[in-house]
Amino acid sequence: MPELPEVETVRRGLEALIVGKKVASATSDNPKSFPNAPQDVASFLVGATIQDIHRRAKLLLVSLSSGYSLLVHLKMTGQLVYVDSGVRFGAGHPNDSLVHELPDRSTRVAISFDDGSTLYFNDQRKFGWVRLMPTIEVPNIDFMKKVGPEPLEADFTAAQFAQRFARRTRTNIKAALLDQSVVAGIGNIYADEALWGAHIHPQRLVASLSEDDFERIYIDVRAVMNLSIEKGGSSNKNYVNAEGKKGSYMDFARVFRREGLACPRCGATIEKLRVAGRGTHICPVCQTI
DNA sequence: CACTTGACCTGTCCGC
DNA sequence: TGCGGACAGGTCAAGT
């Protein structure tokens, strides 16, 4: 599911909804989804107050007054949905059949607050996870040491962006964009959207790209991600924000999941191929090898 | 090291 | 209507 814009949308929602709340109880039915739940929940989660919500790449970091943090990775189908009394999951979506009560069969973790509200971690495919660990240790985890820079930071330049690819010259640009250690937060949707914007074919070898090519990719990565955050992210299927509502970026997508439709720039028919093991969408006229 | 592929899971869709 | 296979927004652990 969620790439940087979706995780950032969830982060902003949670910031408004749960900061300052005190945890009353927490349950998990699936050890894979919350591995250290049994031993640490009672000691470091229950009774703690939510202090703030940060994001690094696609990872959410919820810091607690106990000195511990809750780390959440949504992977492909994870959702964090806050439910106040009386609010139903999916409410507000045009398709009424999506509206139902939580928890449901994809609920893996439920964290309840002392005001009666609950935060649900739902994850159909069980790839995502929640982990509790001391806040002071967070910067030392492998993820933090390996992950690349945040592409939307104001001081992140086109030259720095291009430099990050120096290590990945023998592969294609799509695989390199998806590599979280190069630049953080880009996933399958925004890789395709940005490469279309930059007129670059996803199978172009990194070594063949010019400074000018990198600058166009840099500009488009930032443009599509900023637009998506503004639109509340992309909802292909599972993604919803912290209030259970879908994002609308897919209404603005130019190539992603638009195979068979017209390229909005030249009118040619958009094609789907497989690059770096992922479904990949291109305009065969605008993007040539 | 850099690179590729398959695995992790559940659900849905598409062709027979 | 049923069944098998491909595929789905992301990482990992293996292999070369």
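Given the structure is predicted, the values throughout are model-derived calculations rather than measurements. So you know, we letter chains A, B, ... as the sequences are listed, proteins then strands, and number each from 1. Quick note: numbers below take in every heavy atom, side chains included, and nothing from hydrogens, waters or symmetry partners.
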(message) With salt bridge (charged side-chain N to carboxylate O under 4.0 Å, His left out) as the criterion, how do Arg204(A) and Asp213(A) come out once you've worked through the C-alpha distance, each side chain's angles and the decisive distance to 0.1 Å?
(response) CA-CA 11 Å; Arg204(A) 279 280 300 278; Asp213(A) 290 331; 3.4 Å; yes

Sugar-phosphate, base or nothing in reach of [X], heavy atoms under 4.0 Å:
X: Thr171(A); result: sugar-phosphate
X: Gly279(A); result: sugar-phosphate
X: Lys146(A); result: nothing
X: Asn188(A); result: sugar-phosphate
X: Gly187(A); result: sugar-phosphate
X: Tyr190(A); result: nothing
X: Ser106(A); result: nothing
X: Arg105(A); result: sugar-phosphate

(request) Specify the residues of residues 194-210 of chain A, ordered by number, for which at least one heavy atom lies under 4.0 angstrom from an atom of DNA chain B. (result) none

At under 4.0 Å, does any side-chain N or O of [X] touch on OP1 or OP2 of [N]?
X: Lys58(A); N: dT11(C); value: yes
X: Arg278(A); N: dG9(C); value: yes
X: Arg108(A); N: dT10(B); value: no
X: Arg168(A); N: dC3(B); value: yes
X: His73(A); N: dG10(C); value: no
X: Thr77(A); N: dG9(C); value: no
X: Lys126(A); N: dG10(C); value: no
X: Lys237(A); N: dA8(C); value: no

(message) Only Watson-Crick and G-U wobble pairs with both distances less than 3.5 Å should count. Give DNA chain B in dot-bracket notation, marking inter-strand partners with |.
(response) .|||||||.|||||||

(message) Is Phe127(A) stacked against the base of dG10(C), taking the criterion as centroid distance under 5.5 angstrom and interplanar angle under 30°?
(response) yes

For [N] and [M], measure between their [atom1] atoms and round to the nearest Å.
N: dT11(C); M: dT12(B); atom1: C1'; result: 23 Å
N: dC3(C); M: dC9(B); atom1: P; result: 24 Å
N: dT5(B); M: dC7(C); atom1: P; result: 14 Å

(request) Return the 5'-most residue of the pair Lys32(A), Ala276(A) with respect to DNA chain B, ranking by each residue's nearest nucleotide. (result) Ala276(A)

(message) Can you tell me how far apart CD1 (Ile189(A)) and CG (Leu4(A)) are? Round to the nearest 0.5 Å.
(response) 12.0 Å

Under 3.5 Å, is there a donor on one side chain and an acceptor on the other for [X] and [Y]?
X: Ser210(A); Y: Asp212(A); value: no
X: Tyr68(A); Y: Ser43(A); value: no
X: Thr77(A); Y: Asp123(A); value: yes

Provide, to the nearest angstrom, the distance between the [atom1] atom belonging to [X] and the [atom2] atom belonging to [N].
X: Glu259(A); N: dC7(C); atom1: CD; atom2: P; result: 12 Å
X: Leu59(A); N: dC12(C); atom1: CG; atom2: P; result: 10 Å
X: Lys174(A); N: dC3(B); atom1: NZ; atom2: P; result: 17 Å
X: Asp179(A); N: dC1(B); atom1: CG; atom2: P; result: 14 Å
X: Leu178(A); N: dC3(B); atom1: CG; atom2: C1'; result: 14 Å
X: Met76(A); N: dT12(B); atom1: CE; atom2: P; result: 15 Å
X: Phe256(A); N: dC7(C); atom1: CZ; atom2: P; result: 14 Å
X: Leu74(A); N: dT11(C); atom1: CG; atom2: P; result: 10 Å

(message) So if I apply the side chain to side chain donor-acceptor pair (under 3.5 Å) rule between Tyr249(A) and each of Lys231(A), Glu193(A), Glu230(A), which one comes out positive?
(response) Glu193(A)

Counting side-chain heavy atoms from CB outward, which of [options] is closest to [X]?
X: Gln180(A); options: dT11(C), dG9(C), dT4(B); value: dT11(C)
X: Arg167(A); options: dA8(C), dA2(B), dC3(B); value: dA2(B)
X: Lys75(A); options: dC8(B), dT4(B), dT11(C); value: dT11(C)
X: Ala175(A); options: dT4(B), dC7(C), dG9(C); value: dT4(B)

(request) Answer yes or no: is there a donor N or O on one side and an acceptor on the other, between the side chain of Gln203(A) and the main chain of Asn172(A), under 3.5 Å? (result) no

(request) Please check if the side chain of Asn188(A) supplies one atom and the backbone of Gly279(A) the other of a donor-acceptor pair under 3.5 Å. (result) yes

(request) Not counting sequence neighbours, list each pair that qualifies as a salt bridge (charged side-chain N to carboxylate O under 4.0 Å, His left out) and has a residue in residues 270-289 of chain A. (result) none

(request) Identify whether the distance between the nearest side-chain nitrogen and carboxylate oxygen of Asp115(A) and Lys21(A) falls below 4.0 Å. (result) yes

(message) What I want to find out is whether Arg12(A) reaches Glu15(A) closely enough, with some N-O distance under 4.0 Å, to be called a salt bridge.
(response) no

(message) Quick check: on DNA chain C, is the nucleotide nearest Trp129(A) upstream (toward 5') of the one nearest Arg257(A), or the reverse? Name the residue that is more 5'.
(response) Arg257(A)

(request) Give a yes or no on whether Phe156(A) and Val221(A) share a hydrophobic cluster (residues Ile, Leu, Val, Met, Phe, Trp, Tyr; joining criterion: side-chain heavy atoms under 4.5 Å apart). (result) yes

